[in-house]
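Input: a single structure, listed below in structure tokens.
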Amino acid sequence: EDVFDFDPNLTLTTNVIDLSDVADAEINQDSGLDTIEDNLVLWLDAANPHAGARIDTNELPSDNETIQTWIDLSGNNHHVTQNQELNKPIHKLNQQGGNGAIQFDGETQYIWGESNENLNEFSMIVVAKMGNIDFTGNNSGGAVVSIQEKGSDNFDAIVYHERDTTDRKFMHGSSEHARFYASSITEESTGPVILHDQVKNEAFKLYRNGAVVGEGTPVSTDKSNARFIIGNRHFLTNTLDPSVNGYWYGDIYEVLVFN
């Protein structure tokens, strides 16, 4: 039996990977992440998108293979999926640092999942690279990651280049811009960049490569049955229709969400 009856590439037996063990091995010392692992809600890793669950002999998807399921390594089973061929992002081998990437075309591609999580205060962390220094058309307000309440326009997202005042800047995207604030840094290259968006009541902060580049004091909002949307800003209210100008254009290497 497959993890998802519509994804024949994957088996039911997936291996849960320990975040702190991976980080400790990478830096060859104690990362300290084991103290916050219980708060990990979602972990998507482009270097390991199928978590050893392939039924064929390939450990990883092949180069340019479309991704139907991106497995959540947090152990919470918040896997993100995409059934429609036109909307599936692409797995790329040997990208940044020789690792894989999930590539989004900025036109039609996104992937998402629904959970029973009720999120109010949380952190979204991504490692991503833009496909172009300027976003236009379908990606003029493209989001790397968004967390949205089911059945509502209530969302918070890491967005690039959506408003006239955020030309070549990352910003905090939200319903009707209610919690808007932007990075003070104008991007001069496509990256990659590490972004950390802290959603905390009256203490929102955006970090870029470890430095605070934006902050605001809006009130945080509850997101029941939270949806995790990768590659688009939000779904239109009471639909599963993605924002027509909210597509991410570029590569995503890592997505982590902590509550």
Side-chain angles (χ1 to χ4, degrees), residues 1-7 9-26 31-55 60-61 67-83 88-89 91 100 102 110-128 143-152 154-158 194-200 220-232 234-235 240 248 252-259:
E1 183 181 357
D2 298 325
V3 175
F4 309 100
D5 58 10
F6 50 81
D7 196 339
N9 283 325
L10 304 181
T11 68
L12 187 62
T13 56
T14 62
N15 301 317
V16 175
I17 299 172
D18 188 275
L19 176 64
S20 61
D21 287 350
V22 172
D24 293 351
E26 185 71 23
S31 64
L33 284 174
D34 55 339
T35 61
I36 61 170
E37 273 183 311
D38 287 345
N39 298 102
L40 184 62
V41 176
L42 176 73
W43 177 21
L44 304 174
D45 180 12
N48 198 14
H50 285 164
R54 298 280 294 201
I55 63 171
L60 290 171
I67 293 292
Q68 185 164 331
T69 306
W70 194 354
I71 286 183
D72 171 26
L73 302 180
S74 74
N76 293 311
N77 295 320
H78 295 148
H79 316 303
V80 291
T81 61
Q82 180 53 262
N83 279 333
K88 293 177 183 177
H91 179 254
I102 306 300
Y110 67 100
I111 195 165
W112 72 285
E114 191 172 298
S115 75
N116 58 6
E117 299 283 347
N118 181 19
L119 298 178
N120 182 298
E121 296 187 336
F122 51 89
S123 283
M124 301 178 284
I125 302 170
V126 299
V127 185
V144 195
V145 59
S146 179
I147 296 179
Q148 181 172 356
E149 180 182 3
K150 180 180 179 179
S152 169
N154 177 27
F155 72 92
D156 289 285
I158 299 176
I194 302 171
L195 300 165
H196 169 195
D197 196 347
Q198 173 186 289
V199 176
K200 186 175 182 180
S220 57
T221 60
D222 287 332
K223 291 163 191 66
S224 58
N225 298 114
R227 288 170 169 167
F228 303 107
I229 306 170
I230 314 301
N232 194 271
H234 66 105
F235 291 154
L240 295 178
W248 174 253
I252 299 178
Y253 306 107
E254 206 88 27
V255 178
L256 299 109
V257 176
F258 291 88
N259 65 13

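These values consider heavy atoms only, across backbone and side chains, with no hydrogens, waters or symmetry-generated copies. Bear in mind the structure is a predicted one, so any value in this text is a computation, not a measurement.
For the side chain to side chain contact (heavy atoms under 4.5 Å, CB included) test, residues two or more places apart in sequence or in another chain that qualify with I125 are H196, L256, F258. Among residues two or more places apart in sequence or in another chain, the salt bridge (charged side-chain N to carboxylate O under 4.0 Å, His left out) test is passed with E114 by K150, R227. Taking E149 as the reference, N154, S224 meet the side chain to side chain donor-acceptor pair (under 3.5 Å) condition, with sequence neighbours excluded. A search for side chain to side chain donor-acceptor pair (under 3.5 Å) contacts involving N76 returns S74, not counting sequence neighbours. The side chain to side chain contact (heavy atoms under 4.5 Å, CB included) search around S220 returns N120, E121, V199, N201, F204, not counting sequence neighbours. Among residues two or more places apart in sequence or in another chain, the salt bridge (charged side-chain N to carboxylate O under 4.0 Å, His left out) test is passed with D156 by R179, K223.
Checked by atom type and distance alone, the side chain of H79 never pairs as donor or acceptor with a backbone atom of W70 at under 3.5 Å.
Taking the side chain as every heavy atom from C-beta outward, P49 and L44 never approach each other to under 4.5 Å. Side chains of R54 and P61 form a contact here, defined as non-hydrogen atoms less than 4.5 Å apart. Side-chain contact between W112 and L240 is present, with at least one heavy-atom pair separated by less than 4.5 Å. By the 4.5 Å heavy-atom criterion applied to side chains, W248 and I158 are not counted as neighbours.
The NE2 atom of H50 sits 12.0 Å away from the CG atom of D45 when rounded to the nearest 0.5 Å. Atoms OG1 and NZ, on T69 and K88 in that order, are 8.5 Å from each other to the nearest 0.5 Å. Taking CG of N48 as the reference point, atom CH2 of W43 lies at 7.5 Å (rounded to 0.5 Å). Q148 CD to I229 CD1: the interatomic distance, rounded to the nearest 0.5 Å, is 4.5 Å. Distance check: I230 CD1 to L42 CG gives 6.0 Å after rounding to the nearest 0.5 Å. In this structure, D197 CG and S146 OG are separated by 10.5 Å, a value rounded to the nearest 0.5 Å.
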Working for side chain to side chain contact (heavy atoms under 4.5 Å, CB included), residues V126 and E254: CA-CA 5 Å; V126 299; E254 206 88 27; over 6 Å; no
Side chain to side chain contact (heavy atoms under 4.5 Å, CB included) between F228 and D72, intermediate numbers included: CA-CA 11 Å; F228 303 107; D72 171 26; over 6 Å; no
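Scanning all heavy atoms of the two residues, the minimum distance from L119 to N259 falls at CD2-CB, 4.0 Å.
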